[in-house]
2 protein chains.
Amino acid sequence: MTITEAESRILEAARKVFMEDGYVGARMQRIADVAGISKASLHYYFRSKEKLFDRIFDEYMDRIVPLLNTWEDDSDDWETKVRRFVVDLMEVFKDTSILFLVQELRRDPKKLDERLAAKRKKPNRFIHYYERLRASKLVRDQDPRILALAMHSMCAYPLLNAPMMCGALRMAPAEYDTFMTTYAREAADLLVRMMKK
Amino acid sequence: MTITEAESRILEAARKVFMEDGYVGARMQRIADVAGISKASLHYYFRSKEKLFDRIFDEYMDRIVPLLNTWEDDSDDWETKVRRFVVDLMEVFKDTSILFLVQELRRDPKKLDERLAAKRKKPNRFIHYYERLRASKLVRDQDPRILALAMHSMCAYPLLNAPMMCGALRMAPAEYDTFMTTYAREAADLLVRMMKK
DNA sequence: ACCTGGTTTGACCATTTGGTCAAACCGATC
DNA sequence: GATCGGTTTGACCAAATGGTCAAACCAGGT
């Protein structure tokens with residue numbers, strides 16, 4: 001079934017409101033207002049707040065999951081892969097804060113389990129990839145789990161906690177925003193340097 | 001004025017509930033239940049939810065702010081400072097997730113501004129410290145803002161988004177928890193390596 | 001025993017919020 | 001223009017929630 005114009009307006013509004021206020025803080029009335037329809041209409045299209053939220057949540061996961069497959073194929077060398085991963089992931093986090101996901105995960109930890117059950121059975125792709133590089137003596141000999149944590153942290157946190165870091169670095173929000181582009185490149189450099197022999 | 005036994009029981013309960021559910025999700029009734037008193041009594045001691053929350057929020061800030069002064073004195077060499085900062089900061093985040101702070105900051109951005117207004121006027125201590133080291137040619141020649149972001153990210157994020165990273169690394173929560181000790185040490189190593197010439 | 005001050009609480013209130021429903025609306029088909 | 005399916009909405013509801021208050025409680029002092 002296709003998405004009607006009304007539906008897509010609702011989804012756009014829901015995206016905005018849920019991202020801003022989180023699941024608990026979001027109000028159905030405000031979503032309706034932003035979408036320019038009545039609350040009753042909102043419920044006509046999406047039966048409940050939970051259902052509507054799940055739709056947005058899934059959309060978001062669908063943007064992130066493919067990025068985790070960066071480490072599957074054998075195109076490009078590992079340095080290029082790392083740099084692309086960092087830039088792409090930060091691109092997603094830039095217009096859709098991961099805070100949204102962290103919050104929801106705390107509210108209902110099962111949500112992720114269900115959605116990634118299949119994925120969870122296989123080993124972590126990055127770790128597997130790094131182990132292979134390590135066996136071929138192409139990278140530094142160290143625990144890839146640490147690197148994975150460092151990589152994800154450096155991508156997510158500066159955007160997740162932008163208000164605080166922005167203040168800590170004594171920058172104006174706009175300035176911080178443009179600085180993030182430089183940061184993405186430099187962070188990728190640092191990560192590559194961590195892995196290089 | 002001293003803190004009565006009832007008051008400290010309330011504060012303990014509030015700490016727990018606010019940390020678990022955030023400001024919006026927390027319920028006064030539940031705080032009362034956890035503290036083992038009636039909701040009316042709760043309001044007798046702390047007039048409003050906001051007031052009670054502010055008390056907890058301030059407590060938390062008071063634990064973090066001193067750590068930011070690590071870079072002030074000239075005791076110890078910079079490597080030791082970095083290692084201590086990482087371990088200490090992660091220690092705080094371990095029993096008191098910073099998610100709490102990030103959420104609140106989004107709800108009311110002014111809260112931090114007021115509280116750190118004095119601090120914000122001076123330059124960032126770490127950046128200042130690194131510039132000095134750089135001038136003395138003791139460390140690598142690079143933008144300290146990038147390093148500051150990397151350092152904070154690597155400390156905060158693995159604990160902030162523990163459920164997800166725990167799953168990503170295919171670890172059980174308990175296992176992840178003990179792994180954090182190793183991580184803290186290794187993360188500090190990586191950061192030192194980033195700064196070393 | 002009686003008072004007095006702080007403490008505790010059940011009952012209650014106003015407001016907010018997710019959700020429902022019957023009635024109105026509207027374009028297309030006959 | 002009557003009918004019909006899908007759409008839209010104002011009015012309404014039940015539950016939850018932060019907060020209030022008068023009455024009860026309970027030590028310590030007289």
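In what follows, chains are A, B, ... by sequence order, proteins preceding strands, each numbered from 1.
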Looking at residues at least two apart in the chain, or sitting in another chain, which of them share a side-chain contact (heavy atoms from CB on, under 4.5 Å) with A:R125? A:N69, A:W71, A:E72, A:K119, A:K122
Between A:I31 (CD1) and C:dT17 (P), how many Å, whole number? 12 Å
Backbone N/O of A:M194 and side chain of A:Q142: donor-acceptor pair under 3.5 Å: yes
Distance in angstrom units between B:E50 CD and D:dT17 P, rounded: 18 Å
Does a side-chain N or O of A:R27 approach OP1 or OP2 of C:dG18 to a distance below 4.0 Å, or not? yes
Using whole Å, what does the distance between atom P of nucleotide D:dG19 and atom CZ of B:F46 come to? 13 Å
Base-contact (B) and sugar-phosphate-only (S) positions in nucleotides 7-14 of chain C, heavy-atom cut-off under 4.0 Å, - elsewhere: BBBB----
Cation-pi check, B:R55 to B:F46: give yes when NZ or CZ is under 6.0 Å from the six-membered ring centre and within 45° of the ring axis, no otherwise. no
Between P of D:dG18 and CZ of B:R30, the distance in whole Å: 12 Å
Within this structure, what is the NZ-to-C1' distance between A:K49 and D:dA16, rounded to whole angstrom? 13 Å
Rounded to whole Å, the CE-C1' distance (B:M28 to C:dT16) equals 17 Å
In this structure, how many angstroms lie between the P atom of C:dG18 and the CG atom of A:D33, rounded? 12 Å
Under 4.0 angstrom, heavy atoms only, what part of the nucleic acid is A:A26 near: base, sugar-phosphate, or nothing? sugar-phosphate
What orientation do A:F100 and A:F53 show, parallel under 30°, tilted 30 to 60°, or perpendicular over 60°? tilted
Counting the benzene-type ring for Trp, do B:H152 and B:F93 have ring centres under 6.0 Å apart? no
For A:R107, which residues count as a side-chain contact (heavy atoms from CB on, under 4.5 Å) partner, sequence neighbours excluded? A:Y23, A:V24, A:E50, A:E104, A:K111
